[in-house]
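Accompanying notes for the structure given below.
All figures in this text were calculated on a predicted structure; none of them were measured in a lab. Computed from heavy atoms alone, side chains included, the values below leave out hydrogens, waters and symmetry copies. Below, read A as the first sequence line, B as the second, and so on, with proteins coming before strands; counting in each chain starts at 1.
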Amino acid sequence: MSTRLATGGRFLDRARPVSFDFNGKRLRGLAGDTIASALLANDQMLVGRSFKYHRPRGVVASGAEEPNGLVNLGKGAKFEPNQRVTTTELFDGLQAASQNHWPSLEFDVGAVNARLSRFLPAGFYYKMFIHPRSFWKHIYEPFIRQSAGLGKAPKDRDTDTYEHFHAHVDVLVVGGGIAGLAAAMAAGQAGARVLLIEQTAHWGGRAGVDQPQIDGKPAQEWIDETVAALGQMPNVQMRLRMMGAGVYDHGYVLAYEKLTEHDPSLAGPRQRLWQVRTARVITCTGAIERPLSFAGNDIPGVMLASALRDYVVNYATSAGDRTVVVTNNDDAYRTAIALKAAGLVVPCIVDARPSPAGELIQTAREMGIRVEAGKGIAKVKGGKRVTGVAICAQAGEGAVLEEIACDAVAMSGGWSPVVHLWSHCGGKLVWDDEKVMFRPDAARGPTGADGALFVLPGGTANGALQTADVLSDAFAAGQAAAQATGHKAKGKAPAGSDPAEGPISPVWMMPQGAGISLREKMWLDYQNDVKVSDVQLAAREGYESVEHAKRYTTLGMATDQGKLSNINGLAVLSDALGAAIPNVGTTTFRPPYTPITLAAIAGVAKGDLFQPVRKTPMHNWHAEHGAEFEPVGQWHRPYAFVRKGETTHDAVAREVNNTRKAMGLLDASTLGKLIVKGPDAGRFLDMMYTNMMSNLAVGKCRYGLMCSENGFLMDDGVVARIDEDTWLCHTTTGGADRVHAHMEDWLQCEWWDWKVYVANVTEQFAQVAVVGPNARKLLEKLGGMDVSKETLPFMQWADGTIGGFDARVFRISFSGELSYEIAVPAGQGLAFWEALMAAGEEFGVMPYGTEALHIMRAEKGFIMIGDETDGTIIPQDLGLSWAISKKKEDFLGKRAQERSHMTDPNRWKLVGLETLDGSVLPDGAYAVASGHNGNGQRNTQGRVTSTYMSPTLGKGIAMGLVLNGPDRMGEVIEFPKLDGTAVQARIVDQVFFDKAGEKQNV
Amino acid sequence: MLTFTCPYCGVHADETELAPGGEAHLKRFGPGSEDEAFEDYLFKRENPKGMHFERWRHAYGCGKWFLAARCTTTLEVFGTYPAQTTEPPQEIKDKISGKRPGWTWRLFS
Amino acid sequence: MSDAISPIGDRVTEAFVTVRGMGPRGMITVRGDLSSSKLKAVCTGLAGVDFPKAGHANCVGEKGLCWMSPDEVLILVPYDQTAAALKTLEQALAGTHYMAANVSDARALILLEGAGGREVLAKLAPVDLHPDSFGPGQFRRTRLGQIAAAFWMRDSETFEVICFRSVADYAFDLLSASAKEGPVGYLVP
Amino acid sequence: MPQPVGGFALKKRYSVFAIAREAARHHLGWERAWASPAPKAKYDAIIVGAGGHGLATAYYLGKNHGVRNVAIIEKGWLGGGNTGRNTTIIRSNYLQDPSAAIYEKSRSLYEGLSQDLNYNVMFSPRGVMMLAQTQHEIRGYQRTAYANKLQGVDTEFISPQRVKELCPIMDIDGPRYPVLGALWQPRGGTARHDAVAWGYARACSDMGMDIIQQCEVTAIHQSQGKVTGVSTTKGEISCDKLGVVVAGHSSVLAGMAGFRLPIESLALQALVSEPIKPCMDVVVMANTVHGYMSQSDKGEMVIGGGTDGFNNYTQRGSFHHIEETVRALVETFPMISRLKMLRQWGGIVDMTGDRSPIISKTPVGNIFVNCGWGTGGFKAIPGSGWAMAELMAKGEPGPLAAEFSMDRFRAGKFIDESVAAGVAH
Ligand SMILES: Cc1cc2nc3c(=O)[nH]c(=O)nc-3n(C[C@H](O)[C@H](O)[C@H](O)COP(=O)(O)OP(=O)(O)OC[C@H]3O[C@@H](n4cnc5c(N)ncnc54)[C@H](O)[C@@H]3O)c2cc1C
Ligand SMILES: NC(=O)c1ccc[n+]([C@@H]2O[C@H](COP(=O)([O-])OP(=O)(O)OC[C@H]3O[C@@H](n4cnc5c(N)ncnc54)[C@H](O)[C@@H]3O)[C@@H](O)[C@H]2O)c1
Ligand SMILES: Cc1cc2nc3c(=O)[nH]c(=O)nc-3n(C[C@H](O)[C@H](O)[C@H](O)COP(=O)(O)O)c2cc1C
Ligand SMILES: [Zn+2]
């Protein structure tokens, strides 16, 4: 049974007991525990069920590599699935529940899959569920999906907060083991700006458990001194609970800091996502121990040897009373020694090597531990818990030599350096035959913006296993990184020493000649239930590439990303293919190193801060006066001002009618305003616009069209000539930034010798359109400048004051009414608006929104960018040829408009459309033509681009693009509706209201 | 996540401060040009696997367009230079030649 | 004429850094040949400070000059002096190729007060704000979260941040949220 | 079904009975899904690129046109390009006629593909919705719905309430972009991407075609304006016809043949969350905020967004796109906030000047290209293969491919889908 030992536990604070909940049971732990250590201390070996077969699962590891110990953590807004028990620190009141079982962890109906496992080998679903076709959607897939997933889906909205942080350093050291500490020391001493991060809550890594000698002292002493010394260096920053999540190109590293989740009493954000820019990254990420593949290696109680040791030393927790150790290397003997030293029983060390003989073996033997050399495990006995092992000769087929009763098995298949961060940006690996591992290939590392290697591995992560090598390697990496960033290396590497170790021997299967029934019980990927036999099946079926084998079997695709299984799996694959391991290669390492929350990625950008809202100076007034806002780009514009008791539709109709009969105010501040100035400004605008702008007289306005170089209409607006070399260009609301960038692009990159400056002054001004028959009366009442027809005729502008406000007044109209657009400094926008509203009361003033604006322009047959245009329309399609200068040799889009498809007489052209019954044509509807095309699609001859119920005319009006439309006035065409019926509409002139323009030219 | 040094303001800018602008050194073809030349100018792209010359705008900074010599497989940046030129500076070409002997890109080498 | 309203008004968030909305400030964008002595002279005359070098700002009180780009400088003056300053510019530069635009109302100004201002900004901007890399005198145009912004340091504990008027609320809320989340303990001990 | 041709025996069929039979002998009797032969000296047709499109082209060349002396040459492992790394969305609710035609052909072929290939590609017609979150999008999608009706594509514009019913985990009242409706294609969905490649590969191999992996085409040879063969890392191979179907590498292959394409190769990224129990039964695309999400049959949330803006051949992208996408989806689906990103990756997509694909003859005789599927070609695999096979077999495009020829750029005859306010996945 697993239990808490009476003494010891480096991380524990025995004075601070905590209580927590597991599957509704109240359990006790100690401050300093992880959930895993606390569960083990409570003899809770069973922690979950596997994905496919629902096999019982116990903790196997003690860190980030854990595949099994995943729980649903917390409740309500704090609920989180798939939380790893080995990396979750315990706190008082923590609530955890195991996953993937029904009705309970102990009795899981899904476990029937394990009995059926013979029928569910790798890739079974590709071969099954094919017939009959209709069964897939209704029977097969629902069945498969039901068994999907591990943790439960959260239900509530997360109430925690998250943030980002940008840091810039010379050297980022990832991993706070002795290697990381040494590397940081080397870089720090040299004067580089260093950030050292460690994913756990403790510095020192494995050395804290194994306690080699460093600089002649016990490792712990050296660790404490070094941490203190680094803490004193102003150029070194150190942070715990911060994981190096991903290395990206050009020295960008994502790091994930857990701030409060280990202690609910802390305030502040839950997690912080660091975006680090660094010249060099040193990965001192250590190594991960590999499991061994023997039958029954997934039974709870079979654990990594290093993990058993960690639990005893760090958490004073034993996984069992009697632990059999099985290994192919010396390091596992440390576990036997540690267990024995803690007073636990180690009945036997089963060593696959024929004649192991290092110092550690000596020590173990001296302690009286039995060592069985050349042996392997034939089979682990037990169901939800190990009860014993059968041992056999490693060289044979698994004939049982002896059964040994035990309640835990410590396995070690050797160590794999953590090369993830090295590999994220393309770092390659080399296979080390002697150490039986992939380690970073210094000659083929990830290179940065300058073409130099920017990730440097250090210590165990670089394949060094002995402490002396670990320290010198990491220190050298630290110095190299400092030198690369312009610092002078100083100091010398700390000296480490630990017992000399004998060679490891590669063991990919135990016993070596295991038959198929044993291989079907050897797990590689515990979470996804991938076994040795599955990988062999993949190889047999031709899924020979390691990537095919991965995808076919799902090996390494679970939440642990194969940290334990990948190397074992590819060794099995290469064996099955008869190929060398390095020729088979690994799968691709991808960020993040361990999973990070989506919330941390989003950071503060949620709710109100999700995206910026652009507001006009009058925004709050609108909000207080019933505005329903519409997003236009990031702007919020009032769609309509809805009064009590009105529908939005009513409000729009009222706004239109009132504007046409009395007067309306439109907040037009969002329209883009670009000043274009310089001796070449006229020439430049002649290139930008299809019309001629250079000959516009000072004081006058002209409506202009702007096309992309590809010929399509991209923006429109009124251009005013301010003085001899200054023009003011208005753009659409969404267009200001785009058009500004477009102008700068051409000026800077094509006509850079032209003397023109452009400034975007959109936000300098609040702009109000005063529209309607009473518009002039209102302005005259406010007074200050002459706005009469004579002084300020249509399509002119003037500067002056109105009601005391500095104003620039444009006489332009997008509604067909008498209309002034008045710009005042934005800071006075609200006051100006309020002044207009107050003074306008006697003239029936009302604000109107974008929908009324749209309707009024449609009644007048004016086009709207984004309605009549969609990125495929040229001005010629819209009857705007009058706005395309024939005199100009060139303008942007002119050449494109000469292409054969652009001059095709069969292009659809803009017309007005009027339903025969006065109804509103459906928006976006197509007009059908007879017959079908070569693909069996109904032929069409036009489509609706804008359509409204006109409050002015009391009937539906529309515009649309129709084949030869302008030549077909009066003809009736048919628009099918979605319900199967159709609407008939007549082709008419697109100007529905005041064709003569009598209302605006007053 | 690329970084470039803006040749105008000297800021070592993060990709998120920049706007990408596609292939550099395009020669404009206007009215009267051949269909093929115009098509090439607007659409046909080098899109090389290797050395490339491209446009970036320091959009969140000084607002200037600049050009960069960058490898599309290693993402190494060989230099940035102002957009007011029809050819990469010799110094950058030399630097590329040092590391990628025999490179060519359109008419440059 | 009524008083100009600054987009943020006098909003204040008190946290480990105080985020303070500022009243209107006179700002004139000048584009032209920054090497011209005429242009330099009129700018320095108006702002009462030396002409800044690339990437820098010289600001004293409400006045100052900020280097925006190789052909653009931003002149800061008290809000009510803007019109006069523009006139001066126009007179001095008449006949040369330049542009001067009043952008006072197009911008919002926010103050960050407290030693932690560096960290508040580093939560939002991809800029090296380490004291060795950024200090008083320097000027940076960049992004804050999802918007364009620029900042400089009035003194070692005060940042002045400018952004566009329309997103002033977003900028203020973003800076406030960052301030409220507390210090990071990285750039500021 | 593929018919046996002289000398080739049909593989053992996959079925539940076959599984039961094999279970009894521990699955030791399964045969290879496809052969790994050495290249022959000459083929009637060579397809470069064993992605979905290349394999489907080969398959329909054999099945529909009886051309079976075919090699499919792949520089890596088959299906390892974009076919093996996409977010698997299948839909055909495109706006423009040529697009709707080919994508709908494709979608309908997907419906019977598992049976056709005798390989379960797990096509899951669970429904795809494209959210309308602005007035502009409503109008764009309504227009698409009208167009689809006439194109024979079954779509519908649905209300926010219906959106919520179909996808209860969505916040349709988000403060920034409330959901105003959606374009809903009930028979759109997803398929198991790898299986599509593997199923086609198995069927091609079954017809006697050679799939040659780990073999890179390094040069293209021509004589008198016509293709004669290719050089590869496994030697010289002759052919009468060459199909270039290499997605992100199209410009490289075109360069070998001496012409340029209107294509740029950009990185497109995707990510998956850790697996959770089923909570989302439809595919949702939110184009205003730039993100889309579905839940795989294994339980992960499969997420994608926009492309990087610079040419890139690394299969890695810039993190800020992931940030933007995740931000959008956390806002749209608040319950995913505490889920974790398990893995992110990228693919090299081939973007054309109008964002629509190219299935075309080229300046060189008997070289045909199929490319430009960009961010949205997984859904097109069967239809594209069908159309490309017809083009290669007959030398002239059929109606499905006709409009996708590369001279459309010269004429200015674009097939622009972005007009319907959509991104193309
Ligand atoms: C992240 C991401 C998400 C996507 N999401 C979707 C989606 O949801 N829905 C959708 O419909 N589409 C999606 N797509 C697009 C879709 O994946 C592609 O359009 C489609 O897979 C292209 O298939 P293909 O066969 O043309 O290309 P690929 O699958 O890329 O195949 C091309 C093959 O050519 C090989 N090749 C290249 N050069 C050579 C050479 N010289 N010699 C030999 N072989 C060579 C490559 O190795 C590769 O295997 C997505 C793409 C990505 C990257
Ligand atoms: N003899 C053997 O077989 C053997 C095997 C392994 C280790 N060791 C010994 O263990 C010690 C190893 O020292 P080391 O410092 O190289 O490794 P380590 O494992 O002690 O330290 C690595 C540290 O990096 C952290 N880490 C890993 N990935 C991270 C990430 N992405 N972000 C943040 N932190 C991360 C880990 O939590 C750990 O604390 C040496 O004493 C060595 O001799 C010996
Ligand atoms: C639809 C889909 C679902 C995926 N699900 C998983 C998954 O559950 N676990 C996993 O590790 N990877 C998953 N992946 C990602 C792949 O592991 C891999 O990253 C991707 O295919 C790109 O290949 P590469 O990373 O090897 O370059 C998935 C990919 C796709 C396209
Ligand atoms: Zn710059």
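- Taking the six-membered ring wherever Trp is involved, the centroid distance between the rings of C:Tyr98 and A:Tyr757 does not fall below 6.0 Å.
- Checked by atom type, the side-chain pair A:Arg193/C:Ser133 shows a donor-acceptor distance below 3.5 Å.
- The candidate with the highest count of non-hydrogen atom pairs below 4.5 Å against chain C, out of A:Pro269, A:Ala167, A:Pro825, is A:Pro269.
- Both the backbone and the side chain of C:Glu119 come within contact range of chain A, each with at least one heavy atom under 4.5 Å from a heavy atom of that chain.
- Interface remark: of the candidates A:Val756, A:Leu273, A:Asn620, A:Val756 forms the most heavy-atom pairs closer than 4.5 Å to chain C.
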Requested in this report: Take A:Ile675 and C:Met99 through the side-chain contact (heavy atoms from CB on, under 4.5 Å) test and state the conclusion after the steps.
Outcome: CA-CA 9 Å; A:Ile675 299 179; C:Met99 173 153 80; 3.8 Å; yes
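- Using a distance-only test at 3.5 Å, with no hydrogens or angles considered, no donor-acceptor pair links the side chain of C:Glu181 to the main chain of A:Gly268.
- The nearest pair of heavy atoms linking C:Val184 to A:Arg272 is CG1-NH1, 3.5 Å.
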Side-chain donor-acceptor pairs of residues 100-116 of chain C under 3.5 Å, sequence neighbours excluded:
residue, atom, partner, partner atom, Å
C:Asn102, OD1, C:Ser104, N, 2.9
C:Asn102, OD1, C:Ser104, OG, 2.6
C:Ser104, OG, C:Met27, N, 2.9
C:Ser104, OG, C:Met27, O, 3.4
C:Asp105, OD1, C:Tyr79, OH, 2.8
C:Asp105, OD2, A:Gly827, N, 2.5
C:Asp105, OD2, C:Tyr79, OH, 3.2
C:Glu113, OE1, C:Arg20, NE, 3.1
C:Glu113, OE1, C:Arg20, NH2, 3.0
C:Glu113, OE2, C:Arg20, NE, 3.1

Query - Full working for side-chain contact (heavy atoms from CB on, under 4.5 Å) between A:Thr762 and C:Phe164 - result: CA-CA 10 Å; A:Thr762 301; C:Phe164 283 109; over 6 Å; no
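- Using a distance-only test at 3.5 Å, with no hydrogens or angles considered, no donor-acceptor pair links the side chain of C:Arg165 to the main chain of A:Pro617.
- With respect to chain C, the highest number of heavy-atom pairs below 4.5 Å among A:Lys755, A:His164, A:His619 belongs to A:Lys755.
- Between A:Lys677 and C:Glu90, no side-chain nitrogen of the basic residue sits less than 4.0 Å from a carboxylate oxygen of the acidic one, so the salt-bridge criterion is not met.
- With a 4.5 angstrom heavy-atom cutoff, C:Ile147 touches chain A only via side-chain atoms.
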Requested in this report: Kindly indicate, with the supporting measurements, whether the criterion side-chain contact (heavy atoms from CB on, under 4.5 Å) is fulfilled by A:Lys615 and C:Ser166.
Outcome: CA-CA 5 Å; A:Lys615 299 176 182 171; C:Ser166 65; 5.5 Å; no
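- With hydrogens and angles ignored, the 3.5 Å screen pairs a side-chain donor or acceptor of C:Gln146 with a backbone N or O of A:Phe610.
- Taking all atoms of both residues into account, the shortest heavy-atom contact from A:Leu609 to C:Tyr170 is O-CE1, 3.8 Å.
- No part of A:Glu257 comes within reach of chain C, as not one of its non-hydrogen atoms sits under 4.5 angstrom from that chain.
- Around atom CG of A:Asp608, no more than 12 heavy atoms belonging to other residues, nucleotides or ligands sit under 6.0 Å away.
- The part of C:Ala177 that comes within reach of chain A is its side chain, from C-beta onward, which places non-hydrogen atoms under 4.5 angstrom from that chain.
- One distance of note links CG of C:Asp128 with NE2 of A:His166; it measures 12.0 Å at 0.5 Å rounding.
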Report task. For side-chain contact (heavy atoms from CB on, under 4.5 Å), just list the numbers for A:Phe165 and C:Leu187, CA-CA rounded to whole Å, side-chain angles, deciding distance to a tenth of an Å, and then say yes or no. Result -> CA-CA 11 Å; A:Phe165 192 71; C:Leu187 290 170; 3.9 Å; yes
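- Heavy-atom distances place the backbone of C:Ala125, and not its side chain, under 4.5 Å from chain A.
- Neither the backbone nor the side chain of C:Pro24 comes within less than 4.5 Å of any heavy atom in chain A.
- Using a 4.0 Å cut-off between charged nitrogen and carboxylate oxygen, C:Lys123 and A:Glu163 count as a salt-bridge pair.
- Between C:Tyr186 and A:Gln237 the shortest heavy-atom distance is O-NE2, 2.7 Å.
- With salt bridges taken as basic N to acidic carboxylate O contacts below 4.0 Å, none links C:Asp169 and A:Arg614.
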